[in-house]
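Chain A is the first sequence line, chain B the second, and so forth, proteins listed ahead of strands; every chain is numbered from 1.
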Number of protein chains: 2
Amino acid sequence: MVTPVTFKKSAEVTEETCREAGMTIAELLGRVGGKWTIFVIIMLSEGPRRFSELKRDIEGISQKVLTSTLRDLEKDGFVTRKVTPSIPPRVDYALTELGQDLRGPLMALSSWAVVNRNRVAAAREAFEARQTEEPAKIAYFR
Amino acid sequence: MVTPVTFKKSAEVTEETCREAGMTIAELLGRVGGKWTIFVIIMLSEGPRRFSELKRDIEGISQKVLTSTLRDLEKDGFVTRKVTPSIPPRVDYALTELGQDLRGPLMALSSWAVVNRNRVAAAREAFEARQTEEPAKIAYFR
DNA sequence: CCGCATCCCGCCGGATACTG
DNA sequence: CAGTATCCGGCGGGATGCGG
């Protein structure tokens, strides 16, 4: 039997509610599952940042990808984009209230990843081992 | 020995811990962000399922993709794969303890997605509106 | 029934170059 | 400084067919 996880009031996620919700869950996971999205959110959690700050501190990200990542987050209402048309120009990004709200469950999942990384690593090694070992002779019962 | 997992204050996932953890967080989000992964996990949350059951009940998924999704989850230790070499063959999948542990934070995030879908939808419309409206005359200060 | 092999296509995201 | 504009390789993932 299942103990459905309840969140606040309402919204227990089971097979049915999942179908009802259409693809919203998969959508969010898809967005948040982007290669750099989580890093951007974590950085903005510590306060508003300029574009160049994000670019500098998120090592390895390209301009283009950072731009599109931020644009996607803006579309879904997780971050705001404030342009200051000075010379040189200045653009500040910050988490919206919605973005702040998302942090809770998202950081919980991230914490889980950190805490349990060893278990996952062990599972991967075990899987590797299984692959390389001689395939056991299979007895077919019929 | 991994009992605690206290999510008091978002459990210290900051820029630093993120770097320490390397890519583990992004890895997990990437895995879980797969198009069908969440559906598989939700179905298996309700108990072990045969391959054909999953295939039938997850509408729209192809054999190949279901197979690879399950294989990935197996690699990371989230599901077990039990082969019964009968004729016709039978393969049962089930969540491991690790997989069960993952459900908590994952379902919390999913619930969030369901609860807040309207806010996201509103944000998207607002963004659309901003795009189509006349670009405001910009005053340049220098 | 289960899943591998193959082919194929769209999209993510990386590199580079160019504007306001 | 903060973007757009292109090009392009890799991969997720869908369709179909075969094999144990």
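One can place CD1 of B/I61 at 9 Å from P of D/dG13, the figure rounded to the nearest angstrom. Nucleotide C/dG20 holds its P atom 18 Å from the CZ atom of A/F51, rounded to whole Å. Taking atom CG on A/L29 and atom P on D/dG12, their separation rounds to 17 Å, with Å as the unit. Distance, B/D72 CG to D/dG12 P: 8 Å, rounded to whole Å. If you measure from atom CG of B/L54 to atom C1' of C/dC1, you get 13 Å, rounded to the nearest angstrom. D/dC1 atom P lies 14 Å from atom CG of A/D92, rounded to whole Å. Between A/L66 atom CG and D/dG3 atom C1' the separation is 10 Å, expressed in whole Å. Taking atom CZ of residue B/R56 and atom C1' of nucleotide C/dC1, one finds them 12 Å apart after rounding to whole Å.
Along DNA chain C, the nucleotide closest to B/E53 and the one closest to B/K64 are compared, and the more 5′ of them pairs with B/E53. Heavy-atom nearest nucleotides on DNA chain D were determined for A/S52 and for B/G33, and the one closer to the 5' end corresponds to A/S52. Nearest-nucleotide positions on DNA chain C for B/V83 and A/S68 put B/V83 closer to the 5' end.
Checking D/dG14, C/dG14, D/dA2 against every side-chain atom of B/K35, the shortest atom distance belongs to D/dG14. Side-chain atoms of B/Q63 lie closest to C/dG3 of the nucleotides C/dG3, D/dC7, D/dG13. When each of D/dT4, C/dG3, D/dA2 is scored by its nearest atom to the side-chain atoms of A/P89, the top-ranked nucleotide is D/dA2.
Between A/W36 and the phosphate of C/dC12, there is no side-chain N or O to OP1/OP2 separation shorter than 4.0 Å. For the OP1/OP2 pair of C/dC2 and a distance below 4.0 Å, the side-chain nitrogens and oxygens of B/R81 include no atom meeting the criterion. Under 4.0 angstrom from either OP1 or OP2 of C/dG3 there lies at least one side-chain N or O belonging to B/Y93. The side chain of B/R50 places no N or O atom within less than 4.0 Å of a non-bridging phosphate oxygen (OP1 or OP2) of C/dC1.
Comment: A/R56 does not engage A/E59 in a salt bridge, judged by the lack of any side-chain N to carboxylate O separation of less than 4.0 angstrom.
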Could you check A/R130 against B/E74 for side chain to side chain contact (heavy atoms under 4.5 Å, CB included), going step by step and ending with a plain yes or no?
CA-CA 12 Å; A/R130 255 175 283 152; B/E74 192 194 355; 3.4 Å; yes
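B/T67 comes within 4.0 angstrom of the backbone, heavy atoms only, and of no base.
The number of heavy atoms from other shown groups lying within 6.0 Å of CD (B/E97) does not exceed 12.
Remark: B/Y93 OH to B/R81 CZ distance equals 4.5 Å, nearest 0.5 Å.
Residues B/V83 and B/V79 are members of one and the same hydrophobic cluster, defined by side-chain heavy-atom contacts under 4.5 angstrom among Ile, Leu, Val, Met, Phe, Trp and Tyr.
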